[in-house]
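In what follows, residues are counted from 1 in the order of the sequence shown.
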Amino acid sequence: MPDYDDTVMTARLEKIDYPQFTAELIELATASGDASVAAVAGLFARQPQESVLLASQAATRLPDDPTVLWIATQLCAGDRARDAQCQLAEWQSRLTRLDADNATVWMESAVTAWSNGDRLHARAALEQAVAAPHSHSYFTQKIRLVTRVLTGHDGADFAEAASHGFGVAASTLPNYSNWLRMCREVESEGLNWASRCTDFWQAEYRRATEKLSQMLAAEQLRNIFERQGLVLPDDLPRRESLTYDEPSRASQDALLLEERRFGGYLFANPDHLEQFLSLIEAEGEDAARQTLLQQRQSMLEEGRYRECVK
């Protein structure tokens with residue numbers, strides 16, 4: 001198996017001229033007319049107007065691709081939603097039709113309706129978010145998309161492209177503060193469907209495959225149950241079990257080294273990355289990571305993988 005040298009990879013990433021890299025990617029998106037390239041270029045673009053334009057182009061050319069639509073909705077979030085190129089309501093509506101089993105798209109739709117003063121549609125979308133069997137923000141799909149576009153069009157090698165994939169995938173996570181704000185306001189207004197937010201967090205904790213969303217749901221449930229004087233569910237971690245002392249510098253360095261080693265294993269082979277992403281989708285981040293760590297250890301012991309992370 002090819003070695004993956006972490007120091008070489010780090011040095012290469014540090015030398016990238018990102019403004020030039022982004023400009024070339026945007027130029028490629030324009031010349032090729034490829035919606036996937038436009039979506040990825042939008043993730044890298046530094047100017048809001050460029051991001052919005054690229055998002056609009058991608059969503060127009062691939063109107064039935066949930067991952068592209070998700071990227072478009074996130075690039076048009078916040079103040080950018082006022083841009084004429086942003087068709088946020090239309091894209092969110094398409095997402096809820098194309099990916100109706102995904103609670104995340106319904107919650108984003110609920111927040112948009114609530115911010116626009118549409119209580120009826122906000123409640124209806126929240127009900128769908130509670131009932132949906134799955135929840136994710138296309139994290140794995142975005143990594144695959146970025147990796148495929150950069151290796152296929154930009155000429156980046158696999159490890160470099162995958163590294164970029166993880167970075168930009170994290171940049172289009174939901175704005176969870178908007179979810180929290182809507183639920184607080186629903187409760188403060190004394191609306192009779194305020195309890196559905198609690199139901200949402202309970203469902204989210206059990207079904208979310210992305211760790212950040214699961215952790216947020218757990219924190220909200222602890223707050224709700226403690227505020228109401230209720231007994232925490234058995235499967236919900238107690239707050240005291242999550243407290244920890246500030247780690248020493250040696251401990252921090254050891255954790256960082258282990259993260260780099262794990263990343264090195266993922267980036268050493270496209271099959272490793274695909275296995276990891278597929279396991280996240282099926283079992284969640286913690287289970288996926290544990291499986292890959294055990295696999296890496298076995299391959300090291302058997303001499304089938306040589307680590308080059310220093």
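Minimum heavy-atom separation, Val68 to Ala59: CG1-N, 3.9 Å. Closest of all the heavy-atom pairs between Asp101 and Ala132 is O-CB, 3.4 Å. Across Ala39 and Leu145, no two heavy atoms sit closer than the pair CB-CD2, 4.5 Å. When all heavy atoms of Cys76 and Trp91 are compared, the closest pair comes out as SG-CZ3, 3.6 Å. Leu95 approaches Leu69 most closely through the heavy-atom pair CG-CB, 3.9 Å. Residues Leu126 and Ala110 come closest through the heavy atom pair N-CB, 3.9 Å.
Taking the side chain as every heavy atom from C-beta outward, Asp64 and Arg94 approach each other to under 4.5 Å. You'll find the side chain of Lys142 stays beyond 4.5 Å of the side chain of Phe166, heavy atoms only. Leu150 is listed as a side-chain neighbour of Phe44, based on a closest heavy-atom distance under 4.5 Å. Side-chain contact check for Gln87 versus Ser56: every heavy-atom pair is 4.5 Å or farther apart. Within the 4.5 Å cutoff, side-chain heavy atoms of His136 are placed close to those of Gln141. In this structure, the side chains of Glu302 and Ser298 come closer than 4.5 Å at one or more pairs of heavy atoms. With a 4.5 Å cut-off on side-chain heavy atoms, Arg207 and His134 do not count as touching. You'll find the side chain of Gln228 stays beyond 4.5 Å of the side chain of Asn223, heavy atoms only.
Linking ILVMFWY residues whenever their side-chain heavy atoms come closer than 4.5 Å, directly or via other members, places Val130 and Tyr176 in the same cluster. Cluster membership for Trp201 and Trp193, using ILVMFWY side-chain heavy atoms within less than 4.5 angstrom, is shared. Residue Leu54 is not grouped with residue Leu62 when hydrophobic side chains (ILVMFWY) are merged at heavy-atom distances under 4.5 angstrom, including chains of intermediate members. At a threshold of 4.5 Å between side-chain heavy atoms, the hydrophobic network of Ile, Leu, Val, Met, Phe, Trp and Tyr places Val105 and Leu173 in two separate groups. At a threshold of 4.5 Å between side-chain heavy atoms, the hydrophobic network of Ile, Leu, Val, Met, Phe, Trp and Tyr places Val146 and Ile26 in two separate groups.
Interatomic distance, CD of Glu185 versus CG of Leu191, reported as 10.5 Å (0.5 Å rounding). The CG atom of Leu273 lies 4.5 Å from the CZ atom of Phe158; values are rounded to the nearest 0.5 Å. Note that CE of Met107 is 4.0 Å distant from CE of Met182, once rounded to the nearest 0.5 Å. In this structure, CG on Leu88 lies 8.5 Å from CD on Gln74, to the nearest 0.5 angstrom. Here the CG-OG distance, from Leu75 to Ser171, works out to 7.5 Å after rounding to the nearest 0.5 Å. Rounded to the nearest 0.5 angstrom, Ile280 CD1 and Thr209 OG1 are separated by 7.5 Å.
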Start with the C-alpha gap between Gln92 and Ser109, add the side-chain angles, then the distance that decides, and say whether side chain to side chain donor-acceptor pair (under 3.5 Å) holds.
CA-CA 6 Å; Gln92 286 185 337; Ser109 183; 4.6 Å; no
Please step through side chain to side chain donor-acceptor pair (under 3.5 Å) for the pair Gln57 and Gln85, ending with a clear verdict.
CA-CA 9 Å; Gln57 291 173 354; Gln85 297 282 350; over 6 Å; no
Take Glu187 and Arg184 through the salt bridge (charged side-chain N to carboxylate O under 4.0 Å, His left out) test and state the conclusion after the steps.
CA-CA 5 Å; Glu187 183 178 3; Arg184 284 197 303 268; over 6 Å; no
Start with the C-alpha distance between Thr172 and Tyr138, add both sets of side-chain angles, then the distance that settles side chain to side chain contact (heavy atoms under 4.5 Å, CB included), and finish with yes or no.
CA-CA 9 Å; Thr172 49; Tyr138 304 92; over 6 Å; no
Given Glu219 and Arg222, is the side chain to side chain contact (heavy atoms under 4.5 Å, CB included) satisfied, shown in steps?
CA-CA 5 Å; Glu219 179 64 18; Arg222 281 191 293 271; 2.9 Å; yes
Yes or no on salt bridge (charged side-chain N to carboxylate O under 4.0 Å, His left out) for Arg61 and Asp34, after CA distance, side-chain angles and deciding distance?
CA-CA 8 Å; Arg61 295 169 185 166; Asp34 188 319; over 6 Å; no
Side chain to side chain contact (heavy atoms under 4.5 Å, CB included) between Gln220 and Glu204, worked out
CA-CA 10 Å; Gln220 293 312 301; Glu204 189 71 359; over 6 Å; no
Could you walk me through whether Trp179 and Glu108 pass the side chain to side chain donor-acceptor pair (under 3.5 Å) test, one step at a time?
CA-CA 8 Å; Trp179 297 12; Glu108 288 287 281; 2.7 Å; yes
Between Glu301 and Gln297, is a side chain to side chain donor-acceptor pair (under 3.5 Å) present by the stated rule, with each step listed?
CA-CA 6 Å; Glu301 293 172 356; Gln297 187 60 35; 3.1 Å; yes
After noting the C-alpha distance and the side-chain angles of Leu221 and Glu226, does the key distance pass the side chain to side chain contact (heavy atoms under 4.5 Å, CB included) rule?
CA-CA 8 Å; Leu221 286 174; Glu226 290 173 0; over 6 Å; no
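Here the side chain of Ser278 pairs a donor or acceptor atom with the backbone of Glu274 at under 3.5 angstrom. In this structure, Ser213 contributes its side chain and Glu210 its backbone to no donor-acceptor pair below 3.5 Å. A donor-acceptor contact shorter than 3.5 Å links the side chain of Ser51 to the backbone of Gly42. With hydrogens and angles disregarded, a donor-acceptor distance shorter than 3.5 Å links the side chain of Thr151 to the backbone of Arg148. For Asn175 (side chain) and Ser177 (main-chain N/O), a donor-acceptor pair under 3.5 Å exists by modelled atom type.
Within a 6.0 Å sphere centred on CD of Gln49, other residues, nucleotides and ligands contribute 12 heavy atoms or fewer. With a 6.0 Å radius and a threshold of 12 heavy atoms from other residues, nucleotides or ligands, Glu283 has its CD atom above the threshold.
For the pair Arg289 and Phe276, the cation does not sit on the ring face, since its NZ or CZ is not both under 6.0 Å from the ring centre and inside 45° of the axis.
Between His272 and Tyr265, the angle of the ring planes stays under 30°, which puts this pair in the parallel group of the 30/60° scheme.
Just one residue in the list Thr104, Thr73, Val111 forms a side-chain contact (heavy atoms from CB on, under 4.5 Å) with Pro174, and that residue is Thr104.
Checked for salt-bridge contact, Glu281 and Arg144 meet the test: a charged N lies under 4.0 Å from a carboxylate O.
Annotation: Phe200 is not in aromatic contact with Tyr205 [ring centroid separation under 6.0 Å not met].
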